[in-house]
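Working notes, beginning with the structure itself.
Here is how names work: the chains are called A, B, and so on, in the same order as the sequence lines, proteins then strands, and each is numbered from 1.
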Amino acid sequence: MQYWLFKSEPDEYSIDDLKAEPNQTGRWDGIRNYQARNLIRDQIKEGDLVLFYHSSCKNVGVAGSAKVVSAPYPDPLQFDPESKYHDPKSHPDQPKWFSVDLKYDQHAKSFLSLSKIKSLPELAEMVLVKQGRLSIQPVTEKEWKFISQLIKIS
DNA sequence: GCCAACGTTGGC
DNA sequence: GCCAACGTTGGC
């Protein structure tokens with residue numbers, strides 16, 4: 001079992017949007033950063049657990065949890081000329097960008113803000129704290145357990 | 001392969 | 001809207 005943190009701008013796609021999807025399951029697409037792509041393509045597995053993080057908004061922080069419910073597969077938006085995520089350099093026989101499906105799990109009963117995260121020595125080593133700008137990042141089991149307690153999810 | 005210029009992310 | 005910290009692009 002592995003743990004991850006996925007960032008999303010809630011104006012674009014919030015944890016409530018995920019919950020409102022049919023079967024509470026949505027496609028995590030639009031990843032266009034190689035570090036994040038490598039994680040999603042090579043390391044993320046069906047069944048892994050995800051902290052759903054809201055970025056670039058009034059309240060930045062961990063809003064809840066979700067579960068990976070598919071293997072990685074090519075992000076269809078890269079082949080869609082209408083999409084802002086269209087990548088004309090990517091070809092279907094060798095796709096550059098990947099997606100997974102996420103299923104809503106729980107809302108944080110207590111929202112965990114970034115400032116709170118930064119104030120906690122137990123979370124000082126999080127990628128979120130050390131390297132701000134990565135949209136998909138690994139979370140250690142220790143961090144996951146600590147955060148689960150803080151936000152009161154099980 | 002280096003590196004300057006430019007673009008993006010994301011907190012504040 | 002600002003700006004720091006990256007990542008990407010492209011000339012050489």
- Query: Taking OP1 and OP2 of B:dG10, is either one under 4.0 Å from a side-chain nitrogen or oxygen of A:Lys7?
  - Reply: yes

- Message: I need the CG-C1' distance between A:Leu134 and B:dG11, as an integer number of Å.
- Response: 16 Å

- Specify the separation, in whole Å, of atom CD of A:Gln131 and atom P of B:dG11. 13 Å

- Rounded to the Å, how far apart are A:Asp87 CG and C:dT8 P? 12 Å

- Task: Taking only the side-chain nitrogens and oxygens of A:Gln35, find out if one of them lies under 4.0 Å from OP1 or OP2 of C:dG7.
- Result: yes

- Message: By nearest atom, which of the nucleotides C:dT8, B:dC12, B:dG10 is closest to the A:Tyr34 side chain?
- Response: C:dT8

- Note on the structure: Out of C:dT9, B:dG11, B:dT8, minimum distance to the side chain of A:Lys89 belongs to C:dT9

- A:Phe52 vs A:Trp28 aromatic rings, parallel, tilted or perpendicular, using cut-offs 30° and 60°? perpendicular

- Does A:Tyr53 place a side-chain N or O at less than 4.0 Å from the phosphate oxygens OP1/OP2 of B:dG11? yes

- Message: Output the rounded distance in Å from NZ (A:Lys130) to P (B:dG11).
- Response: 18 Å

- Query: Is the backbone N or O of A:Asp105 less than 3.5 Å from a side-chain atom of A:Ser65, with the two atoms forming a donor-acceptor pair by type?
  - Reply: no

- Distance, rounded to the nearest Å, where A:Arg32 contributes CZ and C:dT8 contributes C1': 15 Å

- Query: B:dG11 P sits how many Å from A:Lys118 NZ, rounded?
  - Reply: 7 Å

- Is there a donor in the side chain of A:Asp80 and an acceptor in the side chain of A:Tyr85, or the other way round, less than 3.5 Å apart? no

- Query: With respect to the side chain of A:Arg133, which nucleotide from C:dA5, B:dG10, B:dC12 is positioned closest?
  - Reply: C:dA5

- Roughly how many Å is it from CE in A:Met126 to P in B:dG11, rounded to a whole number? 12 Å

- Heavy-atom check, side chain of A:Trp97 versus side chain of A:Asp29, under 4.5 Å: no

- Task: Could you check how far CG of A:Leu128 sits from C1' of C:dA5, rounded to whole Å?
- Result: 14 Å

